[in-house]
Amino acid sequence: MFDFGRAVVITGHYGSGKTNIAVNLALDCAGKGEPVCVVDLDIVNPYFRTADFGEFFERHNIRMSAPQFANTNLDIPSLCIDMEALLDNYRVILDVGGDDSGALALGQYAALLSSRGCDMLYVVNKYRYLTHTPEEAVELLRDIERASGLKATGIVNCSNLGESTTVEDVESSRDYAEQCARAAGIPVAFTAARRDLNVSDAYPVEVYVRPFWEEK
Amino acid sequence: MERMLMKGNEALAEAAIRAGCKCFFGYPITPQTEISAYMAKRMPKVGGVFLQAESEVAAINMVYGCASSGIRCMTSSSSPGISLKGEGVSYIAGSDLPAVIVNVMRGGPGLGGIQPSQSDYWQATRALGHGDFQNIVYAPSSVQEMADYMGKAFDMADKYRMPALILADGLLGQMMEPVVFEDKEIKMSDASGKPWATNGHGNKRPHNIINSLYLQADELEQYNVERFKRYEKVKEELPELESYLCDDAEIVVAAYGSVARLAKAAVEQARAEGIKAGLARPITLYPYPEKELKAACKTAKKVLVTEMSMGQMVDDVKLALECRLPVEFFGRTGGVVPKPSEILAKIKTMKGAE
């Protein structure tokens with residue numbers, strides 16, 4: 001299903017499902033024996049982020065690179081990531097912060113990523129209020145592209161309503177994803193749906209970002 | 001019913017817009033910044049005003065001015081920023097103006113941390129500012145309630161001419177859940193029905209004055225006494241509490257906001273292990289649902305208060321129960337979120353000690 005570049009950049013609106021997609025893709029790569037590194041480039045979100053998965057990644061032989069002070073009380077978005085070295089040694093999956101403000105952090109790596117072969121996936125969720133129409137979703141994509149200096153190469157349809165998502169919710173989002181793709185001039189890379197929903201022709205994902213009252 | 005997946009902070013902002021909030025004055029601070037960011041995007045599209053002030057103090061004083069004109073308006077912040085707004089809130093209360101303030105709490109005191117907490121309970125219910133006054137406090141516990149109680153906060157602030165506070169925390173602000181909005185369209189809101197508003201007398205009525213300065217002691221006393229008569233009505237009409245599995249409960253856990261979600265998981269686990277546990281969740285923190293809590297503890301032998309603080313709600317529980325039941329406390333603070341298993345362990349200890 002995937003034939004992505006050395007770097008796979010995951011962008012999208014806040015809460016579209018970026019982090020969960022990044023975790024699933026990384027697990028797939030690691031499962032095939034490919035050296036993979038997840039880079040948490042989120043300098044915006046204080047909670048519910050890739051850096052929460054440190055131990056989990058270690059168990060699955062996935063390298064993680066996160067902002068120095070992620071998940072601490074220090075509100076400083078400091079990035080000191082040797083991207084070049086990571087690209088030499090790993091398939092790099094970048095989980096970018098929400099919206100164009102989060103994508104700004106990506107800009108400094110744009111030229112390097114492009115030169116090494118990069119796919120930027122734009123994650124959309126029909127059930128997110130501010131990206132409810134394809135026009136709104138593409139408007140945000142353009143903002144992200146402007147801020148990051150990278151062009152998206154595919155749409156990931158991750159339309160979901162959290163725990164209560166039904167097969168029907170996913171199926172009725174396909175048309176929305178196609179419209180987003182058409183308006184953006186890029187293909188739908190895949191539709192993602194929770195594994196237990198058994199949606200045909202969808203990339204099955206486990207939900208690793210859990211409600212806070214569930215203990216790990 | 002169309003469901004949307006939203007962050008708590010976004011749901012608050014959208015619900016405010018639909019409730020007819022026309023002006024938002026804010027200043028960014030983690031973990032409530034999404035409210036500002038959302039308002040910045042949405043307000044211009046719906047003909048409202050989003051203004052990032054130069055400070056929290058400025059923002060609350062803009063609310064003071066805007067509320068004076070009878071327009072629905074609000075501000076939001078997180079703990080340290082709310083302290084800064086204290087003076088303005090007191091002026092708003094002293095001028096009998098409706099306004100909505102949101103506090104998405106983080107760890108304190110001082111600059112504290114950016115992780116979730118409930119350590120502003122005392123501030124919210126006792127002294128959001130100086131002087132003899134109270135403000136309504138709603139404590140939602142889900143993203144859906146963030147939306148529902150925002151609209152209610154505006155309605156009740158208008159009805160009783162007093163500030164209303166939404167007391168949330170970082171977890172509620174940042175978490176995502178499906179939400180359905182009660183108001184399908186944006187409610188019309190203007191100064192009609194607010195004869196006190198300073199929105200232009202048009203030479204048709206005497207001019208209105210919004211003021212909290214009264215240099216004659218007996219005059220100031222009279223205003224304070226009248227205000228507290230209004231609070232008696234508020235105490236009769238507004239208290240809300242949700243009780244869960246309390247009908248035969250021997251141990252009742254009292255918790256509000258996000259911690260009530262954790263406590264619920266602990267209560268369910270306790271029931272599965274044969275312990276008669278229940279959950280009493282105050283939704284209004286002022287007025288405190290005293291009668292409702294007492295009713296929820298009808299069969300209780302012990303009460304456990306659990307919070308993300310050092311135990312700020314404990315006194316209110318004891319007062320509501322007139323100190324007739326033993327009240328114990330379990331909490332985490334500084335941004336640490338209690339685990340349901342920790343709450344369960346405390347319930348078991350209390351059960352065992354009977």
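Keep in mind that what you see is a predicted model, and the values were worked out from it rather than measured. Proteins get letters first, then strands, A, B, ... in listed order; numbering begins at 1 in each.
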Interchain contact, B:P116 with chain A, by part (heavy-atom threshold 4.5 Å) =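 Answer is both: backbone and side chain atoms of B:P116 are under 4.5 Å from chain A.
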
Under 4.5 Å from any heavy atom of chain A - which part of B:K264 =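 Nothing of B:K264, per the 4.5 Å heavy-atom cut-off to chain A.
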
Taking only residues at least two apart or on different chains, which pairs with a member in residues 56-65 of chain A satisfy salt bridge (Lys or Arg N to Asp or Glu O under 4.0 Å)?
->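 Sorted pair list comes back empty.
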
Going by the salt bridge (Lys or Arg N to Asp or Glu O under 4.0 Å) test, which pairs reach into residues 118-135 of chain A, not counting sequence neighbours?
->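 Checked against salt bridge (Lys or Arg N to Asp or Glu O under 4.0 Å) - neighbours excluded - the pairs reaching residues 118-135 of chain A are A:R128-B:E10.
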
Taking atom [atom1] as the centre, does [X] end up with more than 12 heavy-atom neighbours from other residues, nucleotides or ligands that are less than 6.0 angstrom away?
X: B:K41; atom1: NZ; value: yes
X: B:E182; atom1: CD; value: no
X: A:D143; atom1: CG; value: yes

Who pairs with A:D196 by side-chain hydrogen bond (donor to acceptor under 3.5 Å, both in side chains), at least two apart in sequence or on another chain?
->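 In terms of side-chain hydrogen bond (donor to acceptor under 3.5 Å, both in side chains), with neighbours along the sequence ignored, A:D196 is linked to A:R194.
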
Any side-chain heavy atom of [X] sitting closer than 4.5 Å to one from [Y]?
X: A:Y127; Y: B:P178; answer: no
X: B:M176; Y: A:N160; answer: no
X: B:M4; Y: A:L161; answer: no
X: A:Y129; Y: B:V179; answer: no

Residues from residues 164-185 of chain A approaching chain B under 4.5 Å (heavy atoms) =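 If one takes a 4.5 Å heavy-atom cut-off, the residues of residues 164-185 of chain A near chain B are A:S164, A:D169.
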
Which is it for B:M6 and A:Y14 under the side-chain contact (heavy atoms from CB on, under 4.5 Å) test, yes or no, and what are the steps along the way?
-> CA-CA 9 Å; B:M6 295 186 104; A:Y14 293 106; over 6 Å; no

Could you tell me the separation between the [atom1] atom of [X] and the [atom2] atom of [Y], rounded to the nearest 0.5 Å?
X: B:L262; Y: A:E214; atom1: CG; atom2: CD; value: 11.5 Å
X: A:E136; Y: B:K45; atom1: CD; atom2: NZ; value: 6.0 Å
X: B:L5; Y: A:H13; atom1: CG; atom2: NE2; value: 9.5 Å

Minimum heavy-atom distance A:F212-B:L171, with the two atoms named |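 Heavy-atom minimum between the residues: CD1-CD1, 3.7 Å.
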
Winner by heavy-atom pair count (cut-off under 4.5 Å) against chain A, out of B:A11, B:S258, B:A266 |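 It is B:S258.
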
